[in-house]
**Q** 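What follows is a structure written as structure tokens; I'll ask about it next.
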Protein chains: 2
Amino acid sequence: MPQDRMPTIRDIAERAGVATSTVSRALANPQRVNARTREKIERIAAQLNYVPSTQARGLSSGRTGAIAVLVPDVTNPFYFDIIRGTQNQLKAAGYTQLLVDTEEATDVELEALRRLRRTADGIILAASRLTDQQLADAAARQPLVTINRATADAPTVLIDTPGAMVQALEHLDSLGHRKVTYVGGPTSSWSTHRRWNALQEAASRRGMEISKIGPYTPKTSSGAAAADSALRTGATAFIAFNDLIAIGMLQRFRERGVRVPEDVSIVGCDDIFGADFCNPPLTTIASPIEQAGRTAVSMLLAQLDPLRGGTPRKLAVMPTHLEIRSSTGPAPGH
Amino acid sequence: MPQDRMPTIRDIAERAGVATSTVSRALANPQRVNARTREKIERIAAQLNYVPSTQARGLSSGRTGAIAVLVPDVTNPFYFDIIRGTQNQLKAAGYTQLLVDTEEATDVELEALRRLRRTADGIILAASRLTDQQLADAAARQPLVTINRATADAPTVLIDTPGAMVQALEHLDSLGHRKVTYVGGPTSSWSTHRRWNALQEAASRRGMEISKIGPYTPKTSSGAAAADSALRTGATAFIAFNDLIAIGMLQRFRERGVRVPEDVSIVGCDDIFGADFCNPPLTTIASPIEQAGRTAVSMLLAQLDPLRGGTPRKLAVMPTHLEIRSSTGPAPGH
DNA sequence: CAAACTTTGGCAATCGCTTGCCAGCATGTT
DNA sequence: AACATGCTGGCAAGCGATTGCCAAAGTTTG
């Protein structure tokens with residue numbers, strides 16, 4: 001692999017008969033240099049197939065040109081969409097995306113944050129497992145935007161799932177379900193508490209009976225246990241923390257011969273890839289996940305150079321809606 | 001955001017009363033320095049919450065500590081498993097993962113490769129759309145490993161899908177299908193040609209009739225057109241380039257009232273997330289995708305420091321098998 | 001035509017860390 | 001006792017870009 005020394009601005013400078021500083025300016029600051037000189041330099045650069053060293057540039061400028069995206073689990077389709085959103089927007093802005101999987105673990109998250117302090121210009125933190133204090137510390141050290149984890153210390157993108165939870169409850173109510181169970185996500189997840197609170201309140205307002213089981217890991221494989229446990233609550237409808245769990249439950253119900261939606265109804269959350277083609281297709285809370293990723297990037301970039309970005313928003317709330325498919329139906333005996 | 005100047009080895013050196021070179025060595029090359037000095041330095045470093053600058057380190061050492069992973073489409077679940085695999089292994093080896101979406105476009109891929117020459121220590125190129133010549137050039141410039149794209153110029157990880165394609169054909173044959181259609185992927189995809197060739201050969205050996213339609217974009221949304229077109233071939237069984245297309249076809253058949261597997265059988269490829277819970281569950285060619293990602297990383301790292309890695313392998317072939325579920329059944333009238 | 005600007009390009013310091021080379025000292029070897 | 005070795009740690013030269021400051025040349029202006 002004979003990768004001969006890469007050309008530097010110095011090589012260009014020599015061939016062009018100018019100083020390196022002129023080359024640097026010609027490339028980064030075109031109007032600072034005479035058009036003829038610039039063209040000459042550009043020509044030589046192209047000819048040498050010159051690529052500036054991000055490293056060296058970063059050293060003097062203090063920026064790395066990279067933004068890190070931290071997600072709890074890269075394989076969770078929910079985060080795919082986030083990543084797709086950030087990827088798009090970052091590329092458009094000329095940034096590189098560093099993808100980090102924090103394995104749903106606080107310490108991994110903290111360690112990543114620490115290392116990245118020098119490696120990335122900013123961080124997008126999806127569904128952080130950190131405490132308020134830890135988040136505040138992190139935000140004080142580096143530009144940060146959180147997704148689905150509100151904090152006073154950093155701009156946040158929230159997907160308004162709780163809002164649609166209420167819709168889901170109404171939907172179930174109108175189908176005659178009086179007793180509903182919420183299938184909770186990981187205890188460390190801020191979202192699951194938020195959703196449960198919204199549900200509780202809405203249920204009591206409508207005089208519906210609601211209970212909670214869990215916590216469950218947000219994977220389809222948790223669905224079996226969740227399904228069994230859910231059945232024991234005696235509820236006729238279940239609202240799952242997310243689609244992964246809901247899909248897992250669907251599979252388990254099928255195994256056990258419990259018919260959906262004839263015997264029980266089930267509502268998922270997120271409308272991830274697969275929610276529309278599982279069996280039966282899942283009624284779920286659809287969220288503009290990808291857009292959340294894009295918005296997070298915008299908010300972060302605005303924070304990075306406040307000059308251009310206008311007033312940086314501190315909070316963006318993404319609208320959601322209930323996507324009714326076939327996993328919900330009339331309560332038995334209705 | 002008052003991120004006060006970050007501590008450097010110089011700060012540590014001052015407090016420890018040693019030279020910066022000693023600090024550098026204490027941190028990077030522990031046995032090169034007296035134990036007492038080292039401990040002192042380590043203590044101060046911890047106390048200052050020191051994080052070395054990857055940039056500066058890279059400048060002098062010439063390595064960036066980052067590996068780029070290029071995939072044609074981040075939202076394709078197939079690549080997500082690859083990404084999960086690389087992510088795991090890279091983290092274990094202390095590398096950072098740069099994720100780049102090449103948008104199934106040759107020029108985006110080339111440009112990314114160019115930029116990354118200075119930014120990453122090595123590249124993992126999944127399902128590259130490059131020509132042999134372009135690949136050879138890239139491989140000559142930087143350490144490179146390809147996945148599902150064989151080339152003589154770089155180590156390669158291949159998923160032996162063609163092997164299992166033959167199994168799939170046997171399976172269909174034994175169910176009485178005599179006429180099969182292959183639903184092809186993008187023309188620029190090396191894999192689709194490879195699969196089609198394997199199928200053609202196996203079909204002629206077994207005296208089965210095989211035809212091809214396509215190309216189709218590997219998304220579920222292509223499935224509708226694929227399904228309609230597939231039906232017109234008069235075949236009773238279809239083998240799709242990948243699960244995404246297969247799942248899209250499943251949906252379309254359902255819409256059109258074509259029963260699977262009673263009327264037609266369909267085989268997917270990759271066994272991605274969702275293949276087991278779609279309706280009906282998809283018979284597909286299961287591949288150890290995540291392991292392919294891990295293997296690619298190992299091969300790349302072996303290439304990066306040949307000292308440790310032993311003989312770097314030039315080719316790894318991942319075994320596959322046919323996962324029979326419910327989308328295949330006896331041919332009509334059998 | 002001189003004073004006052006502008007434009008253009010070079011010099012050199014700097015960013016934070018690594019590393020080759022050397023010197024001082026403690027040990028070990030004849 | 002003289003000399004070869006081995007440990008440690010400091011000096012200083014990079015790595016490849018950016019940028020403040022300055023000077024020479026070119027333009028405007030009064």
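So you know, we letter chains A, B, ... as the sequences are listed, proteins then strands, and number each from 1.
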**Q** Tell me, please, which residues at least two apart from N34(B) pass side-chain hydrogen bond (donor to acceptor under 3.5 Å, both in side chains).
**A** none
**Q** Side chain to side chain donor-acceptor pair (under 3.5 Å) for N49(B) and Q47(B)? Distances and angles first, verdict last.
**A** CA-CA 5 Å; N49(B) 202 355; Q47(B) 180 180 310; over 6 Å; no
**Q** If you assign each of S60(B) and L59(A) to its closest nucleotide in DNA chain C, which residue comes earlier from the 5' end?
**A**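 Per heavy-atom nearest nucleotide, the more 5' residue is L59(A).
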**Q** Could I get the full list of ring-ring contact (aromatic ring centres under 6.0 Å, His included) partners for F78(B), not counting sequence neighbours?
**A**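 For F78(B), no residue satisfies ring-ring contact (aromatic ring centres under 6.0 Å, His included) once neighbours in sequence are set aside.
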**Q** In this structure, which stretches of DNA chain C are paired as stems of three or more consecutive Watson-Crick or G-U pairs, both distances less than 3.5 Å?
**A**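 Paired runs of 3+ in DNA chain C: C:1-30 with D:1-30.
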**Q** Mind listing the residues from residues 36-47 of chain B sitting with a heavy atom below 4.0 Å of DNA chain C? Number order is fine.
**A** none
**Q** Spell out, as yes or no, whether a donor-acceptor pair under 3.5 Å connects the side chain of R129(B) to the backbone of A127(B).
**A** yes
**Q** Between E290(A) and R294(A), does at least one N-O distance fall below 4.0 Å, as a salt bridge requires?
**A** yes
**Q** Which ring-ring contact (aromatic ring centres under 6.0 Å, His included) pairs, counting each pair once, include a residue from residues 25-62 of chain A, with sequence neighbours left out?
**A** none
**Q** Where does the chain A footprint on DNA chain C start and end, counting 5' to 3' with a 4.0 Å heavy-atom cut-off?
**A**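 Going 5' to 3' along DNA chain C, contacts run dT8(C) to dG16(C).
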**Q** Taking any heavy-atom pair under 4.0 Å as a contact, classify S53(B): base, sugar-phosphate, or nothing.
**A** sugar-phosphate
**Q** Quick test of your reading of the model: are R149(B) and D132(B) salt-bridged, counting only N-O distances below 4.0 Å?
**A**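 Counted as a salt bridge, because a side-chain N and a carboxylate O are separated by less than 4.0 Å.
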**Q** Have a look at T8(B) and say if it touches a base, only the backbone sugar-phosphate, or nothing, with a 4.0 Å heavy-atom cut-off.
**A**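 Sugar-phosphate, backbone atoms only, no base.
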**Q** Start with the C-alpha gap between R84(B) and D101(A), add the side-chain angles, then the distance that decides, and say whether side-chain contact (heavy atoms from CB on, under 4.5 Å) holds.
**A** CA-CA 9 Å; R84(B) 160 156 60 172; D101(A) 184 335; 6.0 Å; no
**Q** The criterion is side-chain hydrogen bond (donor to acceptor under 3.5 Å, both in side chains); which residues satisfy it with Y79(B), sequence neighbours excluded?
**A**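 Y79(B) satisfies side-chain hydrogen bond (donor to acceptor under 3.5 Å, both in side chains) with no other residue.
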**Q** Could you check whether T64(B) and Q55(A), counting side-chain N and O atoms only, form a donor-acceptor pair closer than 3.5 Å?
**A**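 Absent: no donor and acceptor within the cut-off.
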**Q** I need the residues from residues 13-22 of chain A with at least one non-hydrogen atom less than 4.0 Å from DNA chain C; give them sorted by number, or say none.
**A** G17(A), V18(A), A19(A), S21(A), T22(A)
**Q** Answer yes or no: is there an ion pair linking K219(B) with E104(B), defined by an N-O contact shorter than 4.0 Å?
**A**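 The answer is no: the pair does not qualify as a salt bridge.
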**Q** For chain B and DNA chain D, what are the first and last nucleotides along the strand, 5' to 3', with at least one atom under 4.0 angstrom from a heavy atom of the protein chain?
**A**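 First and last nucleotides in contact are dT8(D) to dG16(D).
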**Q** Mind checking side-chain hydrogen bond (donor to acceptor under 3.5 Å, both in side chains) for T119(B) and listing every partner two or more places apart, or none if nothing turns up?
**A** T54(A)
**Q** Here's a test of your reading of the structure: between R25(B) and Q55(B), which maps to the more 5' nucleotide of DNA chain C?
**A**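 Counting from the 5' end, the first nearest nucleotide belongs to Q55(B).
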**Q** Holding to side-chain hydrogen bond (donor to acceptor under 3.5 Å, both in side chains), I want the full list of residues that pass it with E111(A), two or more places apart in sequence or in another chain.
**A** none
**Q** If you look only at pairs with a residue in residues 6-19 of chain A, which of them pass as a side-chain hydrogen bond (donor to acceptor under 3.5 Å, both in side chains), with sequence neighbours excluded?
**A**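 Output for this query lists R5(A)-D11(A).
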